[in-house]
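The model shown is predicted, which means the values in this text are computed figures rather than measured ones.
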Amino acid sequence: MIASIEKGGKITLPPEYIKELRLGDGIEVEISMQDGGIVIKRLRLSCTFCNSVHELVRMGNLCACRECINRLHEAEESNYLYPVRR
């Protein structure tokens with residue numbers, strides 16, 4: 001497929017791509033450059049610390065799961081916490 005870049009740098013994705021990725025108004029996507037091209041992926045949020053996708057709290061572009069938030073809350077200043085591996 002060939003697309004033109006519109007005013008302001010906008011590119012319209014083909015409807016079949018939007019359907020395949022289950023995109024819609026307000027859905028966030030991750031855009032990156034790879035091998036001289038642009039990659040667009042549906043955003044998949046996960047905990048910054050343990051990669052869990054459950055019970056996330058988002059702050060800007062970062063997320064933390066409830067378990068990690070609780071561990072951080074209970075930690076003392078000199079503690080060194082290791083990420084929980086799932």
Tell me, with the steps shown, if F49 and L81 meet side-chain contact (heavy atoms from CB on, under 4.5 Å). CA-CA 10 Å; F49 304 105; L81 301 178; over 6 Å; no
May I ask whether M33 and I11 are part of the same hydrophobic cluster, defined by side-chain heavy atoms of I, L, V, M, F, W, Y residues being less than 4.5 angstrom apart, directly or through others? no
To the nearest 0.5 Å, how far apart are CG in L62 and CG in L56? 11.5 Å
Cluster link V39 to I5, ILVMFWY, side chain under 4.5 Å: no
To the closest 0.5 Å, what do you measure between CZ (R66) and OG (S52)? 12.0 Å
Applying side-chain contact (heavy atoms from CB on, under 4.5 Å) to R58 and not counting sequence neighbours gives E28, L43, L45, N61, C63
Any non-hydrogen side-chain atom of I40 less than 4.5 Å from a side-chain atom of L13? yes
Reported CD-to-CG distance for the pair E67 and L72, which is rounded to 0.5 angstrom: 11.0 Å
Heavy atoms only: give me the nearest C65-C47 pair and the separation to one decimal. N-SG, 3.3 Å
Would you say I27 and I18 are hydrophobically clustered, going by side-chain heavy atoms of ILVMFWY under 4.5 Å? yes
Tell me the closest heavy-atom pair linking R42 and L23, and the distance in Å. NH1-N, 4.0 Å
Considering all heavy atoms of both residues, which atom of T12 and which atom of E6 are nearest to each other, and what is their separation? OG1-OE2, 2.9 Å
